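Just so it is clear, the model here is predicted, and its values are computed rather than measured. Order of listing sets the numbers, starting from 1, for every ligand and every atom in it.
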Amino acid sequence: MKTTPPLSIAVLGSGKGSNFQAILDAIRAGRLNVRVACVLSDVSDALILERARQAGSPAEFVDASPFKTKLDGAGEQRVLDRLRRHGTDVVVLAGFMRMLKQGLLTTFAGRIVNIHPSLLPAFPGMESWKQALDYGAKVTGCTVHFVDAGMDTGPIILQKTVPILESDTPESLHHRIQEQEHLAFPEALQLIAEGRVRLEGRHTRIRP
Ligand code: GAR
């Protein structure tokens, strides 16, 4: 672990926050040199906010209206204000279920990271584990990537694979993908914290 000052991350999530929990656990275990500047959610009773409060991190519901599926306009401005106020180096999307728009993408260009439950570019969008199962894929997994204007697109930082078993249900497959997510996200963030991820157009290069 380097002794450089920790990277300051803002975590955005809409749901239960198991990935955020994995990040917290990795920080506590000394595997991840980041500081949680704040946790923001567009869902007022999301479990991710409760987890943050219990961990002593600033946790705020942010009204993301006027839109339902994207973060734009006044809602985007409210999020930007919080990110600035809390001093954010990197924005971490941990189950944040809205598309980001130009204001955030420009302000934090190359500094927004997302986790997605498939081997992108396969199965973007919702319930990707179910999409993989329905398609008859034999392998799926998870992807940590930088965010661009597309839906679950952007330069890939790392991926982990999960075999799809004959006996899998959507729930069992989702569970095994999440186990891999909980390893992948802290690993990817630590690579960023160590300054080992270089962006080259659509590709990333990881320094050994
Ligand atoms: C994660 O599985 C993440 O990959 C997914 O939401 C879940 C959040 O779980 N994100 C997407 O599908 C984004 N397109 P969590 O709240 O327990 O971390």
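At distances below 3.5 Å, at least one donor-acceptor pair connects side-chain atoms of S41 with backbone N or O atoms of G13. A distance-only check finds a donor-acceptor pair linking the side chain of T204 to the backbone of I156 [under 3.5 Å]. R196 places no side-chain N or O within 3.5 Å of a backbone atom of I206 that could act as its donor or acceptor partner.
Of the N and O atoms on the side chains of E179 and H175, at least one donor lies less than 3.5 Å from an acceptor on the other residue. Side chain to side chain, Q190 and E187 fail the donor-acceptor criterion of an N or O pair below 3.5 Å.
Enclosure of atom OH in Y135 is not indicated, since only 12 or fewer non-hydrogen atoms of other residues, nucleotides or ligands lie within 6.0 angstrom.
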Considering only N or O atoms, set out every pair between ligand 1 and the protein closer than 3.5 Å, with distances to one decimal place.
residue  : atom   : partner : partner atom : Å
ligand 1 : 2 (O)  : Q178    : NE2          : 3.0
ligand 1 : 2 (O)  : E181    : OE1          : 2.8
ligand 1 : 2 (O)  : E181    : OE2          : 3.1
ligand 1 : 4 (O)  : I115    : O            : 3.4
ligand 1 : 4 (O)  : P117    : N            : 3.4
ligand 1 : 4 (O)  : E181    : OE2          : 2.4
ligand 1 : 9 (O)  : Q178    : NE2          : 3.2
ligand 1 : 14 (N) : H116    : ND1          : 3.0
ligand 1 : 14 (N) : D152    : OD1          : 3.2
ligand 1 : 16 (O) : K16     : N            : 3.4
ligand 1 : 16 (O) : G17     : N            : 2.8
ligand 1 : 17 (O) : K16     : NZ           : 3.4
ligand 1 : 17 (O) : S18     : N            : 2.8
ligand 1 : 17 (O) : S18     : OG           : 2.6
ligand 1 : 18 (O) : S18     : N            : 3.4
ligand 1 : 18 (O) : N19     : N            : 2.9
ligand 1 : 18 (O) : N19     : ND2          : 2.9

